[in-house]
Amino acid sequence: MTTRLRKNFWTLPLDSLTPTEWEALCDGCGKCCLNKLEDDETGEVVFTSVACRLLDNQTCRCAQYDIRLQFVPECIVLRPDNMDKVGYFMPRTCAYRLRHEGKPLPDWHPLLTGTPDSTHEAGQSVRGWTVPEFEVPEEDWEDYVIEEEL
């Protein structure tokens, strides 16, 4: 059984999307799979180049997406009903965050270009520059903070 995607579904409110549309909203950048550090006092979140152990560095997708919580229980599962609580933790270019904030998708998003690799071609993915978390002790993650905003 194939679930059809509605035309321009990405312009609709997040809570009106079907599960298939919700999943299709992901641009495949892999930025959400970067380990982050949050300042306890200010709440500021910074990204590191240290990637979750499940991130495939070439596809920028989770290698065990359907069962990821078995391996990474702290993985954030985005849903329309928790975006208020966890959306700030997502990269600024994230389609879920953008739509939650009432903003349009960027022009390089695969739903707009019709090309699955447009995220990578636009230099908006983490392809090829992450370090697997099992290679870096957590106490050293500060050494891997990404200075630019994601």
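Heavy atoms only: backbone and side chains are in, while hydrogens, waters and symmetry mates are out.
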Would a 4.5 Å heavy-atom cut-off, applied to side chains only, mark [X] and [Y] as touching?
X: Val46; Y: Ile146; result: no
X: Trp10; Y: His109; result: no
X: Gln58; Y: Arg127; result: yes
X: Asn8; Y: Leu111; result: no
X: Val126; Y: Cys29; result: no
X: Leu37; Y: Phe47; result: no
X: Val136; Y: Thr48; result: no
X: Pro110; Y: Thr119; result: yes

Strictly by modelled atom types, are [X] and [Y] linked by a side-chain donor-acceptor pair under 3.5 Å?
X: Glu101; Y: Tyr96; result: no
X: Gln124; Y: Asp27; result: no
X: Lys31; Y: Thr93; result: yes
X: Asn57; Y: Thr130; result: yes

Query raised in the report: If you draw a 6.0 Å radius around CD in Glu139, do more than 12 non-hydrogen atoms from other residues or ligands fall strictly inside?
Result: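 Yes, enclosed.
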
Query raised in the report: For atom CD of Glu41, is the number of surrounding heavy atoms from other residues, nucleotides or ligands below 6.0 Å larger than 12?
Result: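 Atom CD in Glu41 is not crowded, with 12 or fewer foreign heavy atoms closer than 6.0 Å.
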
**Report entry** Cationic tip of Arg68 above Tyr65 ring, under 6.0 Å, 45° of axis
**Finding:**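 The answer is yes, since Arg68 meets both limits relative to Tyr65.
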
Distance check, rounded to the nearest 0.5 Å: [X] atom [atom1] versus [Y] atom [atom2]?
X: Ser16; Y: Arg6; atom1: OG; atom2: CZ; value: 5.5 Å
X: Met83; Y: Leu14; atom1: CE; atom2: CG; value: 6.5 Å
X: Glu138; Y: Asn35; atom1: CD; atom2: CG; value: 7.5 Å
X: Leu5; Y: Thr18; atom1: CG; atom2: OG1; value: 6.5 Å
X: Trp129; Y: Leu34; atom1: CH2; atom2: CG; value: 5.0 Å

Heavy-atom closest contact ([X] atom, [Y] atom, distance):
X: Arg97; Y: Tyr88; value: NH1-O, 3.5 Å
X: Leu55; Y: Cys60; value: CD1-C, 3.6 Å
X: Thr11; Y: Arg99; value: O-NH2, 3.0 Å

Query raised in the report: Is there a donor-acceptor pair closer than 3.5 Å between any side-chain N or O of Glu133 and the backbone N or O of Arg53?
Result: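 Looks like yes, one N/O pair under 3.5 Å.
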
**Report entry** Criterion side chain to side chain contact (heavy atoms under 4.5 Å, CB included) on Asp81 and Asp15, from CA distance to verdict
**Finding:** CA-CA 7 Å; Asp81 66 351; Asp15 61 359; over 6 Å; no

